[in-house]
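Notes follow the structure.
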Amino acid sequence: MLACSRCPETYLDDARHWCCTCGGPLYYRGEVAFDRGAITGGPPTLWRYRAALPPLPRGQEISLGEGFTPLVTARWRGHEIHFKLDFLCPTGSFKDRGSTVMMSQVARFGVGRVLEDSSGNGGASVAAYAARAGVACDIYVPEGTSPGKTAQIEMYGAGLKIIPGSREDCAAAARAAAETTYYASHNWNPYFLEGTKTVAFELWEQLGWRAPANVVTPIGNGSLVLGAYLGFSQLKQAGVIETLPRIFGAQTESCAPFVQAQDQGLDHCPAVEKQPTIAEGITIATPTRDRETLAGVRESGGGFAASSDAEIWQAVRELAALGIYCEPTSGAAPAALDKLMAQGMLADGPTAVVLSGFGLKATAKVVELLAGEAP
Ligand SMILES: *Cc1c(COP(=O)(O)O)cnc(C)c1O
Ligand SMILES: [Zn+2]
(Lines give C-alpha, C1' and ligand atoms only; values in the text may rest on other atoms or scores of the structure.)
(Ligands and ions follow the chains in the order given, each with its own letter.)
Protein backbone atom coordinates (compact mmCIF):
# COMPACT_ATOMS: atom_id res chain seq x y z
CA MET A 1 0.00 0.00 0.00
CA LEU A 2 1.06 3.57 -0.62
CA ALA A 3 0.10 6.19 1.96
CA CYS A 4 0.13 9.97 1.93
CA SER A 5 2.05 11.56 4.76
CA ARG A 6 -0.03 14.72 4.73
CA CYS A 7 -3.60 13.37 4.69
CA PRO A 8 -5.25 10.02 5.50
CA GLU A 9 -5.42 8.89 1.84
CA THR A 10 -4.02 5.50 0.83
CA TYR A 11 -3.54 3.93 -2.59
CA LEU A 12 -3.12 0.49 -4.05
CA ASP A 13 0.44 -0.68 -4.38
CA ASP A 14 0.48 -0.45 -8.15
CA ALA A 15 1.81 1.59 -11.00
CA ARG A 16 -0.65 4.44 -11.14
CA HIS A 17 0.19 6.78 -8.33
CA TRP A 18 3.31 8.83 -7.78
CA CYS A 19 1.75 11.58 -5.64
CA CYS A 20 -1.41 12.03 -3.54
CA THR A 21 -4.42 13.92 -4.92
CA CYS A 22 -3.72 16.44 -2.12
CA GLY A 23 -0.24 17.01 -3.60
CA GLY A 24 1.56 15.25 -0.76
CA PRO A 25 4.38 12.76 -1.38
CA LEU A 26 3.55 9.06 -1.01
CA TYR A 27 5.33 6.49 1.14
CA TYR A 28 5.42 2.73 0.83
CA ARG A 29 3.71 1.03 3.77
CA GLY A 30 4.07 -2.69 3.73
CA GLU A 31 4.89 -5.70 5.76
CA VAL A 32 8.60 -5.00 5.64
CA ALA A 33 10.54 -5.76 8.77
CA PHE A 34 14.23 -5.83 9.25
CA ASP A 35 15.40 -9.27 10.26
CA ARG A 36 19.08 -10.03 10.66
CA GLY A 37 18.44 -13.72 10.11
CA ALA A 38 16.91 -12.93 6.73
CA ILE A 39 20.00 -11.24 5.35
CA THR A 40 20.96 -13.45 2.48
CA GLY A 41 24.33 -14.39 1.13
CA GLY A 42 24.74 -14.31 -2.61
CA PRO A 43 26.22 -11.46 -4.55
CA PRO A 44 27.29 -8.49 -2.42
CA THR A 45 24.58 -6.06 -3.51
CA LEU A 46 21.92 -4.19 -1.61
CA TRP A 47 19.51 -7.00 -2.51
CA ARG A 48 20.87 -8.93 0.44
CA TYR A 49 18.42 -6.79 2.45
CA ARG A 50 15.48 -7.80 0.28
CA ALA A 51 13.48 -8.90 3.33
CA ALA A 52 13.27 -5.22 4.30
CA LEU A 53 12.38 -4.02 0.78
CA PRO A 54 9.01 -3.99 -0.98
CA PRO A 55 8.29 -7.63 -1.92
CA LEU A 56 9.68 -8.83 -5.22
CA PRO A 57 9.84 -12.39 -6.53
CA ARG A 58 13.42 -13.67 -6.44
CA GLY A 59 15.16 -13.34 -9.78
CA GLN A 60 13.10 -10.31 -10.83
CA GLU A 61 15.58 -7.72 -9.56
CA ILE A 62 16.62 -5.16 -12.16
CA SER A 63 20.16 -5.06 -10.87
CA LEU A 64 23.61 -3.97 -12.01
CA GLY A 65 25.39 -5.04 -8.84
CA GLU A 66 24.66 -1.84 -6.90
CA GLY A 67 25.18 -1.28 -3.19
CA PHE A 68 27.52 -2.74 -0.64
CA THR A 69 29.92 0.05 -1.50
CA PRO A 70 33.24 0.24 0.36
CA LEU A 71 33.49 1.88 3.77
CA VAL A 72 36.97 3.35 3.95
CA THR A 73 38.40 4.62 7.21
CA ALA A 74 40.71 7.62 6.90
CA ARG A 75 42.21 10.22 9.20
CA TRP A 76 40.46 13.56 8.88
CA ARG A 77 41.39 16.49 11.17
CA GLY A 78 42.93 14.03 13.60
CA HIS A 79 39.85 11.78 13.78
CA GLU A 80 39.08 8.39 12.28
CA ILE A 81 36.22 8.95 9.84
CA HIS A 82 34.39 6.24 7.90
CA PHE A 83 33.87 7.37 4.32
CA LYS A 84 31.16 5.49 2.45
CA LEU A 85 32.19 5.40 -1.20
CA ASP A 86 28.68 5.38 -2.58
CA PHE A 87 29.98 6.86 -5.81
CA LEU A 88 31.14 3.34 -6.67
CA CYS A 89 27.59 2.36 -7.60
CA PRO A 90 27.21 1.34 -11.29
CA THR A 91 26.32 4.77 -12.70
CA GLY A 92 28.62 6.71 -10.39
CA SER A 93 26.15 7.88 -7.76
CA PHE A 94 24.06 6.60 -4.84
CA LYS A 95 20.93 7.16 -6.96
CA ASP A 96 21.34 3.55 -8.14
CA ARG A 97 20.07 2.40 -4.74
CA GLY A 98 16.73 4.01 -5.49
CA SER A 99 16.67 3.14 -9.17
CA THR A 100 17.22 -0.59 -8.73
CA VAL A 101 14.31 -0.92 -6.29
CA MET A 102 12.05 1.43 -8.27
CA MET A 103 12.72 -0.10 -11.69
CA SER A 104 12.32 -3.63 -10.31
CA GLN A 105 8.79 -2.71 -9.20
CA VAL A 106 8.11 -0.87 -12.47
CA ALA A 107 9.10 -3.96 -14.45
CA ARG A 108 6.93 -6.13 -12.18
CA PHE A 109 3.94 -3.85 -12.83
CA GLY A 110 4.48 -4.39 -16.56
CA VAL A 111 5.01 -0.70 -17.26
CA GLY A 112 6.56 -0.27 -20.73
CA ARG A 113 7.61 3.37 -20.62
CA VAL A 114 8.82 5.73 -17.88
CA LEU A 115 9.92 9.32 -17.62
CA GLU A 116 12.04 11.26 -15.20
CA ASP A 117 13.23 14.84 -15.01
CA SER A 118 16.82 15.48 -14.03
CA SER A 119 19.84 16.96 -15.68
CA GLY A 120 22.26 14.98 -13.64
CA ASN A 121 22.82 11.79 -11.69
CA GLY A 122 19.15 10.94 -11.20
CA GLY A 123 18.55 10.95 -14.95
CA ALA A 124 21.62 8.87 -15.69
CA SER A 125 20.68 6.32 -13.04
CA VAL A 126 17.04 5.92 -14.11
CA ALA A 127 18.14 5.72 -17.76
CA ALA A 128 20.61 2.92 -16.95
CA TYR A 129 18.11 0.83 -14.99
CA ALA A 130 15.41 1.38 -17.63
CA ALA A 131 17.88 0.09 -20.20
CA ARG A 132 18.63 -2.90 -17.98
CA ALA A 133 14.89 -3.57 -17.65
CA GLY A 134 14.21 -3.13 -21.36
CA VAL A 135 11.75 -0.33 -20.52
CA ALA A 136 11.56 2.76 -22.75
CA CYS A 137 12.64 5.91 -20.95
CA ASP A 138 12.45 9.66 -21.54
CA ILE A 139 14.53 12.06 -19.48
CA TYR A 140 13.41 15.69 -19.37
CA VAL A 141 16.23 18.19 -18.91
CA PRO A 142 16.16 21.98 -18.76
CA GLU A 143 17.42 23.88 -21.77
CA GLY A 144 21.04 24.90 -21.33
CA THR A 145 22.09 21.68 -19.59
CA SER A 146 25.65 20.98 -20.67
CA PRO A 147 26.26 18.10 -23.09
CA GLY A 148 28.80 16.75 -20.62
CA LYS A 149 25.97 16.06 -18.21
CA THR A 150 23.51 14.59 -20.70
CA ALA A 151 26.02 12.33 -22.51
CA GLN A 152 25.67 9.52 -19.98
CA ILE A 153 21.86 9.69 -20.22
CA GLU A 154 22.02 9.48 -24.02
CA MET A 155 24.49 6.63 -23.94
CA TYR A 156 22.02 4.52 -21.96
CA GLY A 157 19.58 5.02 -24.84
CA ALA A 158 17.07 7.26 -23.11
CA GLY A 159 15.12 9.84 -25.11
CA LEU A 160 16.41 13.26 -24.13
CA LYS A 161 13.66 15.90 -24.02
CA ILE A 162 15.09 19.40 -23.78
CA ILE A 163 12.54 21.71 -22.15
CA PRO A 164 12.81 25.49 -22.62
CA GLY A 165 12.88 27.57 -19.42
CA SER A 166 13.97 26.80 -15.86
CA ARG A 167 14.46 23.57 -13.89
CA GLU A 168 10.96 24.17 -12.48
CA ASP A 169 9.46 24.46 -16.00
CA CYS A 170 11.16 21.18 -16.80
CA ALA A 171 9.62 19.49 -13.75
CA ALA A 172 6.19 20.84 -14.70
CA ALA A 173 6.52 19.48 -18.25
CA ALA A 174 7.53 16.09 -16.84
CA ARG A 175 4.57 16.02 -14.49
CA ALA A 176 2.18 16.90 -17.33
CA ALA A 177 3.62 14.06 -19.42
CA ALA A 178 3.35 11.75 -16.40
CA GLU A 179 -0.44 11.85 -16.85
CA THR A 180 0.03 9.31 -19.63
CA THR A 181 3.18 7.38 -18.73
CA TYR A 182 4.85 6.33 -15.48
CA TYR A 183 6.68 9.01 -13.50
CA ALA A 184 9.87 7.32 -12.34
CA SER A 185 10.97 10.38 -10.41
CA HIS A 186 13.87 10.12 -7.99
CA ASN A 187 12.18 12.86 -5.97
CA TRP A 188 8.58 11.61 -5.89
CA ASN A 189 8.58 7.88 -6.39
CA PRO A 190 7.98 6.01 -3.10
CA TYR A 191 9.91 2.91 -4.24
CA PHE A 192 12.99 4.99 -4.96
CA LEU A 193 13.04 6.02 -1.31
CA GLU A 194 12.75 2.39 -0.23
CA GLY A 195 16.01 1.74 -2.06
CA THR A 196 17.97 4.58 -0.50
CA LYS A 197 17.34 3.25 3.01
CA THR A 198 19.77 0.40 2.31
CA VAL A 199 22.65 2.80 2.97
CA ALA A 200 21.71 2.53 6.67
CA PHE A 201 21.68 -1.27 6.63
CA GLU A 202 25.12 -1.36 4.99
CA LEU A 203 26.67 1.09 7.45
CA TRP A 204 25.30 -0.99 10.31
CA GLU A 205 26.66 -4.24 8.87
CA GLN A 206 30.02 -2.77 7.81
CA LEU A 207 30.64 -1.24 11.23
CA GLY A 208 30.28 -4.71 12.76
CA TRP A 209 26.51 -4.81 13.30
CA ARG A 210 26.28 -1.49 15.08
CA ALA A 211 25.01 1.92 14.13
CA PRO A 212 27.41 4.81 13.73
CA ALA A 213 26.98 7.66 16.19
CA ASN A 214 26.78 10.22 13.37
CA VAL A 215 25.98 10.09 9.67
CA VAL A 216 26.74 13.07 7.43
CA THR A 217 25.40 13.13 3.86
CA PRO A 218 24.81 15.79 1.22
CA ILE A 219 21.18 16.82 0.93
CA GLY A 220 19.23 18.26 -1.99
CA ASN A 221 15.74 16.80 -2.06
CA GLY A 222 16.46 14.53 0.86
CA SER A 223 16.23 10.99 -0.50
CA LEU A 224 19.57 10.01 0.99
CA VAL A 225 19.00 11.66 4.37
CA LEU A 226 15.43 10.42 4.64
CA GLY A 227 16.47 6.99 3.39
CA ALA A 228 19.12 6.83 6.12
CA TYR A 229 16.53 7.87 8.70
CA LEU A 230 14.03 5.25 7.53
CA GLY A 231 16.67 2.52 7.41
CA PHE A 232 18.02 3.21 10.88
CA SER A 233 14.46 3.52 12.21
CA GLN A 234 13.71 0.04 10.89
CA LEU A 235 16.86 -1.32 12.52
CA LYS A 236 15.71 0.24 15.78
CA GLN A 237 12.23 -1.21 15.45
CA ALA A 238 13.80 -4.60 14.83
CA GLY A 239 15.69 -4.19 18.10
CA VAL A 240 19.15 -4.57 16.54
CA ILE A 241 20.23 -1.01 17.38
CA GLU A 242 19.25 1.00 20.44
CA THR A 243 19.42 4.56 19.21
CA LEU A 244 19.36 6.31 15.89
CA PRO A 245 22.61 7.91 14.78
CA ARG A 246 22.54 11.67 14.58
CA ILE A 247 21.77 12.34 10.93
CA PHE A 248 23.19 15.50 9.38
CA GLY A 249 22.36 16.98 5.98
CA ALA A 250 25.08 18.97 4.20
CA GLN A 251 24.00 21.87 2.00
CA THR A 252 25.66 24.61 -0.02
CA GLU A 253 25.34 28.22 1.10
CA SER A 254 24.12 28.90 -2.45
CA CYS A 255 20.89 27.05 -1.76
CA ALA A 256 20.16 26.02 1.82
CA PRO A 257 16.42 25.63 2.47
CA PHE A 258 16.94 22.99 5.19
CA VAL A 259 19.42 25.18 7.07
CA GLN A 260 16.94 28.06 6.80
CA ALA A 261 14.14 25.89 8.17
CA GLN A 262 16.38 24.81 11.06
CA ASP A 263 17.45 28.38 11.86
CA GLN A 264 13.88 29.66 11.73
CA GLY A 265 12.47 26.70 13.68
CA LEU A 266 10.10 25.75 10.85
CA ASP A 267 8.57 22.34 10.15
CA HIS A 268 8.86 22.92 6.39
CA CYS A 269 11.38 24.57 4.07
CA PRO A 270 10.87 28.29 3.36
CA ALA A 271 11.25 29.74 -0.13
CA VAL A 272 14.92 30.41 -0.90
CA GLU A 273 16.86 31.93 -3.77
CA LYS A 274 19.47 29.78 -5.44
CA GLN A 275 22.84 30.99 -6.68
CA PRO A 276 25.24 29.18 -8.99
CA THR A 277 27.50 26.74 -7.12
CA ILE A 278 29.96 23.93 -7.77
CA ALA A 279 27.66 21.65 -5.72
CA GLU A 280 24.99 21.65 -8.40
CA GLY A 281 23.55 18.25 -7.46
CA ILE A 282 22.15 19.67 -4.22
CA THR A 283 20.77 23.02 -5.41
CA ILE A 284 17.14 22.14 -4.78
CA ALA A 285 15.14 25.18 -3.66
CA THR A 286 11.85 23.37 -2.96
CA PRO A 287 12.53 19.85 -1.65
CA THR A 288 9.67 17.38 -2.14
CA ARG A 289 9.78 15.60 1.21
CA ASP A 290 10.84 18.55 3.34
CA ARG A 291 8.49 18.00 6.30
CA GLU A 292 9.30 14.33 6.74
CA THR A 293 13.02 14.98 6.34
CA LEU A 294 13.05 17.80 8.90
CA ALA A 295 11.06 15.69 11.37
CA GLY A 296 13.32 12.66 10.93
CA VAL A 297 16.54 14.63 11.31
CA ARG A 298 15.18 16.35 14.41
CA GLU A 299 14.17 13.02 15.96
CA SER A 300 17.68 11.69 15.32
CA GLY A 301 19.25 14.63 17.16
CA GLY A 302 21.05 15.70 13.98
CA GLY A 303 20.78 18.85 11.92
CA PHE A 304 21.94 20.72 8.82
CA ALA A 305 25.01 22.74 7.91
CA ALA A 306 25.87 24.72 4.78
CA SER A 307 29.30 25.46 3.28
CA SER A 308 30.67 27.87 0.73
CA ASP A 309 32.05 26.79 -2.65
CA ALA A 310 35.57 27.51 -1.41
CA GLU A 311 35.10 25.23 1.62
CA ILE A 312 33.54 22.51 -0.53
CA TRP A 313 36.35 22.63 -3.10
CA GLN A 314 38.94 22.50 -0.31
CA ALA A 315 37.28 19.38 1.11
CA VAL A 316 37.18 17.73 -2.34
CA ARG A 317 40.90 18.50 -2.73
CA GLU A 318 41.81 17.10 0.67
CA LEU A 319 39.80 13.92 0.17
CA ALA A 320 41.45 13.39 -3.21
CA ALA A 321 44.80 13.77 -1.49
CA LEU A 322 43.75 10.75 0.61
CA GLY A 323 42.96 8.81 -2.59
CA ILE A 324 39.21 9.43 -2.54
CA TYR A 325 37.84 11.29 -5.58
CA CYS A 326 34.26 12.51 -5.22
CA GLU A 327 32.38 15.13 -7.21
CA PRO A 328 32.06 18.67 -5.81
CA THR A 329 28.42 18.07 -4.83
CA SER A 330 29.56 15.31 -2.48
CA GLY A 331 32.30 17.53 -1.06
CA ALA A 332 29.54 19.36 0.81
CA ALA A 333 29.50 16.43 3.27
CA PRO A 334 33.13 16.56 4.48
CA ALA A 335 32.90 20.38 4.42
CA ALA A 336 29.87 20.19 6.72
CA LEU A 337 31.69 17.65 8.88
CA ASP A 338 34.33 20.28 9.66
CA LYS A 339 31.63 22.69 10.85
CA LEU A 340 29.83 20.07 12.90
CA MET A 341 33.11 19.09 14.59
CA ALA A 342 33.95 22.70 15.34
CA GLN A 343 30.47 23.31 16.76
CA GLY A 344 30.61 20.17 18.93
CA MET A 345 27.50 18.79 17.25
CA LEU A 346 28.72 15.21 16.86
CA ALA A 347 27.90 12.44 19.31
CA ASP A 348 30.78 10.31 20.66
CA GLY A 349 31.41 7.22 18.55
CA PRO A 350 31.93 6.31 14.89
CA THR A 351 31.13 8.96 12.27
CA ALA A 352 30.19 7.97 8.73
CA VAL A 353 30.31 10.40 5.80
CA VAL A 354 28.46 9.35 2.65
CA LEU A 355 30.18 10.37 -0.60
CA SER A 356 27.34 10.32 -3.07
CA GLY A 357 28.85 10.99 -6.53
CA PHE A 358 32.07 10.14 -8.40
CA GLY A 359 34.71 12.76 -9.19
CA LEU A 360 34.87 11.45 -12.76
CA LYS A 361 31.33 12.76 -13.26
CA ALA A 362 32.59 16.31 -12.95
CA THR A 363 35.81 16.30 -14.95
CA ALA A 364 34.96 19.49 -16.87
CA LYS A 365 34.19 21.32 -13.61
CA VAL A 366 37.35 20.03 -11.94
CA VAL A 367 39.48 21.15 -14.90
CA GLU A 368 37.95 24.62 -14.53
CA LEU A 369 38.49 24.72 -10.77
CA LEU A 370 42.12 23.59 -11.08
CA ALA A 371 42.73 26.24 -13.74
CA GLY A 372 41.24 28.83 -11.38
CA GLU A 373 43.81 27.92 -8.73
CA ALA A 374 46.81 28.67 -10.95
CA PRO A 375 48.73 31.72 -9.68
C1 LIG B 1 21.14 13.58 -6.07
C2 LIG B 1 22.42 13.80 -5.40
C3 LIG B 1 22.50 14.29 -4.09
C4 LIG B 1 21.30 14.73 -3.33
O5 LIG B 1 20.38 13.72 -3.07
P6 LIG B 1 18.93 14.11 -2.60
O7 LIG B 1 18.17 12.86 -2.61
O8 LIG B 1 18.41 15.09 -3.61
O9 LIG B 1 19.04 14.74 -1.27
C10 LIG B 1 23.75 14.39 -3.50
N11 LIG B 1 24.87 14.05 -4.16
C12 LIG B 1 24.84 13.58 -5.40
C13 LIG B 1 26.13 13.25 -6.06
C14 LIG B 1 23.62 13.44 -6.07
O15 LIG B 1 23.61 12.97 -7.32
ZN1 LIG C 1 -2.62 13.38 0.66
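Order of appearance sets the numbers: ligands from 1, and atoms from 1 within every ligand. Residues: numbered from 1 along the sequence shown.
Atom 13 (C) of ligand 1 has its nearest heavy-atom neighbour, among Gly249, Gly122, Ala332, Ser356, in Ser356.
Within the listing of ligand 1, atoms 13 (C) sit less than 4.0 angstrom from a heavy atom of Glu327. Residue Phe94 approaches ligand 1 through these ligand atoms, each under 4.0 Å from one of its heavy atoms: 1 (C), 2 (C), 3 (C), 5 (O), 7 (O), 14 (C). Shown in contact with Gly220 at under 4.0 Å from a heavy atom are these atoms of ligand 1, numbered in order with element: 4 (C), 6 (P), 8 (O), 9 (O). Close approach of ligand 1 to Gly222 is summarised as follows: ligand atoms under 4.0 Å from at least one heavy atom of the residue are 6 (P), 7 (O), 8 (O), 9 (O). For ligand 1, the atoms lying closer than 4.0 Å to a non-hydrogen atom of Leu224 are 7 (O). Proximity to Gly357 (heavy-atom distance under 4.0 Å) selects the following atoms of ligand 1: 13 (C).
In this structure, Arg132 is not positioned above the aromatic face of Tyr156 in the sense of NZ or CZ being under 6.0 Å from the six-membered ring centre and within 45° of the axis. Note that Arg113 lies outside the cation-pi zone of Tyr182, set by a 6.0 Å cut-off to the ring centre and a 45° limit from the axis.
Of the N and O atoms on the side chains of Tyr27 and Glu194, not one donor lies less than 3.5 Å from an acceptor on the other residue. A side-chain donor from one of Gln105 and Arg108 sits under 3.5 Å from a side-chain acceptor of the other.
Close N/O approach between Lys95 and ligand 1 is found [any backbone or side-chain N/O within under 3.5 Å]. For a threshold of 3.5 Å applied to N or O pairs, the pair formed by Ser93 and ligand 1 contains no separation below that value. Geometrically, ligand 1 and Asn121 share a nitrogen or oxygen pair separated by less than 3.5 Å. Close N/O approach between Asn221 and ligand 1 is found [any backbone or side-chain N/O within under 3.5 Å].
Here Glu116 does not pair with Lys161 in a salt bridge; the nearest charged N to carboxylate O distance is not below 4.0 Å. Residues Lys365 and Glu280 are not paired through a salt bridge, judged by the lack of any N-O separation under 4.0 Å between the basic side chain and the carboxylate.
Vertex the Zn ion (ligand 2); arms to Cys4 atom SG and Cys22 atom SG; angle 110° (nearest 10°). Remark: at the Zn ion (ligand 2), atom SG from Cys20 and atom SG from Cys7 enclose 110°, rounded to the nearest 10 degrees.
Judged by distance alone, the side chain of Glu311 and the main-chain N or O of Ser308 form a donor-acceptor pair under 3.5 Å. In terms of modelled atom types and a separation under 3.5 Å, the side chain of Arg75 and the main chain of Gly78 share a donor-acceptor contact.
Ligand 1 lies less than 4.0 angstrom from a heavy atom belonging to Thr329.
The aromatic rings of Trp18 and Tyr183 sit perpendicular to each other, their planes meeting at more than 60°, with 30° as the lower class boundary.
Of all the heavy atoms of Ile282, the ones lying under 4.0 Å from any atom of ligand 1 belong exclusively to the side chain.
Counting heavy-atom neighbours within 6.0 Å of Met155 CE, excluding the residue itself, gives a total of 12 or less.
At the shortest separation from atom 7 (O) of ligand 1 among protein heavy atoms lies Ser223 OG, 2.6 Å.
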